[in-house]
Amino acid sequence: MSDGLTIRSAESDDIPALFRLYAQLHPNDTLLTLAEAERIFERFCLYPGSSLFLGFLGDVPVTTCTLVVIPNLSRNGAPYALIENVVTDGQFRNRGWGKTILNEAISVAWRWNCYKVMLLTGAKDAATLNFYRSAGFENSKTGFQIRRHSP
């Protein structure tokens, strides 16, 4: 807990709260049905070390991020981690909650002996990029992606 923020791993009952936060991250996305989301959540929970973190002020979910721990055959078998879907409710931004939840995810990655934690963003605005820098991430690699195009 940090200044009133309580962080825990999300449970299937938290899916509607995650949907509300994700709608601020990707407002044009079509929502999954609750049944579809529950099936995906069950599969996600099979990845050891991985977690959908959810931060609460009292009983109000205000921030989230996803940590995926990936097994690895290089680096003497040390896994690596990926952080995705970082969002803080717009009403609660600029209060440190995003950094707090990122720090929790990074701490868990280190406990799982990850040798690095990666985070990619498509954001171009200085505020978002400075936020990630202030959370300890460095812009030291070149990232590439390829996306499947919908027919």
Side-chain angles (χ1 to χ4, degrees), residues 1-12 14-32 36-37 40-41 43-45 47-72 74-75 78-151:
M1 184 148 96
S2 173
D3 295 327
L5 188 74
T6 303
I7 299 172
R8 65 169 170 77
S9 292
E11 300 167 356
S12 61
D14 295 315
I15 291 172
L18 290 167
F19 279 174
R20 284 189 295 280
L21 289 167
Y22 293 159
Q24 294 182 46
L25 184 64
H26 302 293
N28 297 322
D29 275 6
T30 303
L31 284 180
L32 298 169
E36 290 170 321
I40 292 168
F41 184 84
R43 283 198 332 259
F44 179 84
C45 290
Y47 289 83
S50 301
S51 185
L52 288 145
F53 293 99
L54 197 50
F56 293 85
L57 287 177
D59 60 354
V60 179
V62 298
T63 189
T64 186
C65 75
T66 301
L67 175 74
V68 181
V69 175
I70 303 162
N72 187 22
S74 69
R75 300 289 182 160
Y80 55 96
L82 177 67
I83 290 179
E84 187 59 65
N85 296 327
V86 178
V87 62
T88 298
D89 186 299
Q91 299 176 57
F92 297 94
R93 290 184 186 153
N94 299 311
R95 299 182 192 182
W97 309 134
K99 262 189 233 177
T100 301
I101 204 160
L102 281 175
N103 286 335
E104 178 65 19
I106 293 165
S107 293
V108 169
W110 296 157
R111 285 197 299 270
W112 278 86
N113 199 35
C114 293
Y115 80 94
K116 71 177 175 181
V117 178
M118 296 181 290
L119 181 149
L120 298 172
T121 182
K124 306 282 188 249
D125 61 287
T128 300
L129 301 177
N130 288 334
F131 163 72
Y132 288 124
R133 285 186 194 102
S134 72
F137 288 89
E138 58 183 51
N139 189 0
S140 60
K141 295 221 175 202
T142 302
F144 293 91
Q145 68 172 345
I146 190 166
R147 291 182 181 233
R148 183 179 67 200
H149 295 289
S150 300

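Looking at F56 and T63, their side chains never come closer than 4.5 Å, going by heavy atoms from C-beta outward. You'll find the side chain of F41 reaches within 4.5 Å of the side chain of I15, heavy atoms only. In this structure the side chain of K116 reaches within 4.5 angstrom of the side chain of K141, judged on heavy atoms. For the pair Y115 and P79, the minimum side-chain heavy-atom distance is 4.5 Å or more. Using a 4.5 Å heavy-atom threshold, the side chains of Q91 and Q24 count as separate. Between W97 and L57, the closest side-chain pair of non-hydrogen atoms falls below 4.5 Å. For the pair W112/L67, no side-chain contact is recorded, criterion being any heavy-atom separation below 4.5 Å from C-beta on. Contact annotation: the side chain of Y22 approaches that of T64 to within less than 4.5 Å [non-hydrogen atoms, C-beta and beyond].
Nearest heavy atoms, V87 versus R93: CG2-NH2, 4.0 Å. Of all heavy-atom pairs between C65 and V86, the closest is CB-CG2, 3.8 Å. Residues L21 and P61 share a closest heavy-atom pair of CD2-O, 4.3 Å. Residues F144 and T142 approach most closely at CE1-CG2, 3.4 Å, considering heavy atoms.
Between the D29 side chain and the L31 main chain, no donor and acceptor come within less than 3.5 Å of each other. Under a 3.5 Å cut-off, the side chain of S50 and the backbone N or O of V69 do form a donor-acceptor pair. No donor-acceptor pair closer than 3.5 Å links the side chain of N72 to the backbone N or O of Y80.
Taking CD of E84 as the start and CG of L120 as the end, the distance is 7.0 Å to the nearest 0.5 Å. Taking CG of N85 as the reference point, atom CD1 of I83 lies at 11.0 Å (rounded to 0.5 Å). L18 CG to L32 CG: the interatomic distance, rounded to the nearest 0.5 Å, is 11.5 Å. Of the inter-residue distances, the one linking R95 atom CZ with L5 atom CG reads 11.0 Å to the nearest 0.5 angstrom. With rounding to the nearest 0.5 angstrom, the CD1 atom of I106 is 11.5 Å from the NZ atom of K99.
Side-chain contact, D125 with T128: a donor N or O sits under 3.5 Å from an acceptor N or O. For R133 and N130, the side-chain atoms include at least one donor-acceptor pair closer than 3.5 Å.
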Q.
Between L102 and F53, does the side chain to side chain contact (heavy atoms under 4.5 Å, CB included) criterion hold? Intermediate values first, please.
A. CA-CA 9 Å; L102 281 175; F53 293 99; over 6 Å; no
Q: Assess whether side chain to side chain contact (heavy atoms under 4.5 Å, CB included) is satisfied between Y132 and E138, documenting all intermediate values.
A: CA-CA 8 Å; Y132 288 124; E138 58 183 51; over 6 Å; no
Q) After noting the C-alpha distance and the side-chain angles of L54 and I7, does the key distance pass the side chain to side chain contact (heavy atoms under 4.5 Å, CB included) rule? A) CA-CA 6 Å; L54 197 50; I7 299 172; over 6 Å; no
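Applying the salt bridge (charged side-chain N to carboxylate O under 4.0 Å, His left out) rule to R8 yields the partners D14; only residues at least two apart in sequence or on another chain are considered.
For F44, the CZ atom sits in a packed shell: over 12 heavy atoms of surrounding residues, nucleotides or ligands are nearer than 6.0 Å.
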